[in-house]
2 protein chains.
Amino acid sequence: MGVKQYMRQGIERQRPLTLEVRDELERMILDGEVAAGERLNELTLAEQMGVSRGPVREAARSLEHEGLVRTVANQGVFVRELSLESALELYDLRAMIAGYLCGRVAEKADPVVNKALRQAVRDMDAAIAAADEPRYFEINLAFHDRIAIAAGTDRAQRLYTSLGKEVRLLRRRVLCGDESLRTSNHEHDGIVAAIEAGDADAARAAGMQHHLNSKSRLKITM
Amino acid sequence: MGVKQYMRQGIERQRPLTLEVRDELERMILDGEVAAGERLNELTLAEQMGVSRGPVREAARSLEHEGLVRTVANQGVFVRELSLESALELYDLRAMIAGYLCGRVAEKADPVVNKALRQAVRDMDAAIAAADEPRYFEINLAFHDRIAIAAGTDRAQRLYTSLGKEVRLLRRRVLCGDESLRTSNHEHDGIVAAIEAGDADAARAAGMQHHLNSKSRLKITM
DNA sequence: CAACAGAATATTGTTGACAATCTACAATCA
DNA sequence: TGATTGTAGATTGTCAACAATATTCTGTTG
């Protein structure tokens, strides 16, 4: 009886389908391909990705604790709807974590890291001067990632990343003008300065304030 | 062909097995019934709980993002091992979240909540006077839960709870003497006072410091 | 026409079977 | 002896089928 079994060719090491599906699902949600509040149909998704429902279910469970979806028994999983209020709270939370991370980096005083951060600030300045917003955002992302990783605290890093994704559930776009970018990078400069000085408290405060300011800049666009 | 199908009797509302298994697994880990670093055998657990491997796998994925287990592809899920260093970082993180929660509660200024918190402090004093440590810990837990819930920020609350569980992976027991309890409850008093006064900043600072002090008290016992 | 009851359908919950991979141990060879 | 290879068993990864529940449709009744 024609049972189609699974087999993936090639030398490439086996990555469980669950992870593959998880990443794809996450992307779909963050890119807004599925609207907030919408139900994720297991069978549809499974067929769409060419897998069975098992991996899809596991992936959903995985996403659940990241706050990207919510599950209702016997009804399915739904893309989480994020109220503006909740999103702002997420910003607060993330700001605290960011501050913590900056403080840790300052304590570490790793010359290589510090140099890279300093360079990132310069590069962002260049991007602003060139009016290259996409590039600015790219470096900005790398800048904050770098800090999160350099802090060396796995849990806090994951949390920071996770909260960052969660915030993206709020689909409204933030349009930053030139001025906003300049201000933001000036704050970056302050963070790096504190880190370079090895002043953990100042770095923490600067890192946190930077994120709180981002929140404010976001707020006024709505 | 004698296929044993699933059916659970009774009027009780259907709670998915995945959740049941998840809770049981979490309990086993937190109670130390499975040692840190140990592998969780899917089949064994499934038979033990009288379910199939599906729900067990889903439960594992669920626990993964809470930091209680770690998964290695094609090898299985392992109870996470928490270094002392990581545990202390968790305390820092949790202290920040706790501070945030306390600040929120102060802003809310809900008389009912405030009254309950004040009463809890009195009850803990009574428990200390009666040298009833178990009761103290019970109220203490309820006290902090109450604050987390009253803050009204779902994400922060879940995070606070989650971090609390994660810390328990560090199995070493903290033996608190009478003096430690008194000091701790004095700090509780300070937190409630700030909340009652509606001073969010003070409440935040007190809540955070209380947890950092707990960390210090823990530290010296090792 | 609205409200309800019941059947038909769609979707989630759970399972057992099979494939792929890893692990442990034995056999082989230098 | 020690390293390596090969095989057998155990364990995870995946799937398709069936059960239980939720949802939708339809016809009936007031």
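What you are looking at is a predicted structure, and each value in this text was computed from that prediction instead of being measured. Chain naming here is simple, since letters A, B, ... match the order of the sequence lines and numbering starts at 1 in each.
- Taking the charged nitrogens against the carboxylate oxygens, A:Asp31 and A:Arg171 have no contact shorter than 4.0 Å, which rules out a salt bridge.
- The listed nucleotides are D:dG13, C:dG13, C:dT15; the one nearest the side chain of A:Asn74 is C:dG13.
- With salt bridges taken as basic N to acidic carboxylate O contacts below 4.0 Å, none links B:Arg168 and B:Glu66.
- Salt bridge B:Glu166/B:Arg94: absent, no basic N to carboxylate O contact under 4.0 Å.
- In this view, A:His210 and A:His144, A:His188 satisfy the ring-ring contact (aromatic ring centres under 6.0 Å, His included) rule, not counting sequence neighbours.
- Among residues two or more places apart in sequence or in another chain, the side-chain hydrogen bond (donor to acceptor under 3.5 Å, both in side chains) test is passed with A:Thr161 by none.
- Base contact: B:Arg53 has a heavy atom under 4.0 Å from a base atom.
- Nearest to the side chain of B:Arg57, among D:dC15, D:dT12, C:dG13, sits D:dT12.
- Among the nucleotides C:dT15, C:dT23, D:dG13, the one closest to the side chain of B:Ser52 is C:dT15.
- With salt bridges taken as basic N to acidic carboxylate O contacts below 4.0 Å, none links B:Arg155 and A:Glu89.
- Residue A:Leu40 is in sugar-phosphate contact alone, with no base atom involved, counting any heavy-atom pair closer than 4.0 Å across all strands shown.
- Rounding to whole angstrom units, CZ of residue B:Arg15 and C1' of D:dA20 are separated by 18 Å.
- Residue A:Glu42 places its side chain closer to C:dT12 than to any other of D:dG13, C:dT12, C:dT15.
- Nucleic acid contact for B:Gly54: base, since at least one base atom lies under 4.0 Å from a heavy atom of the residue.
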Polar atom pairs (N or O), protein with nucleotides 7-9 of chain C, under 3.5 Å:
none

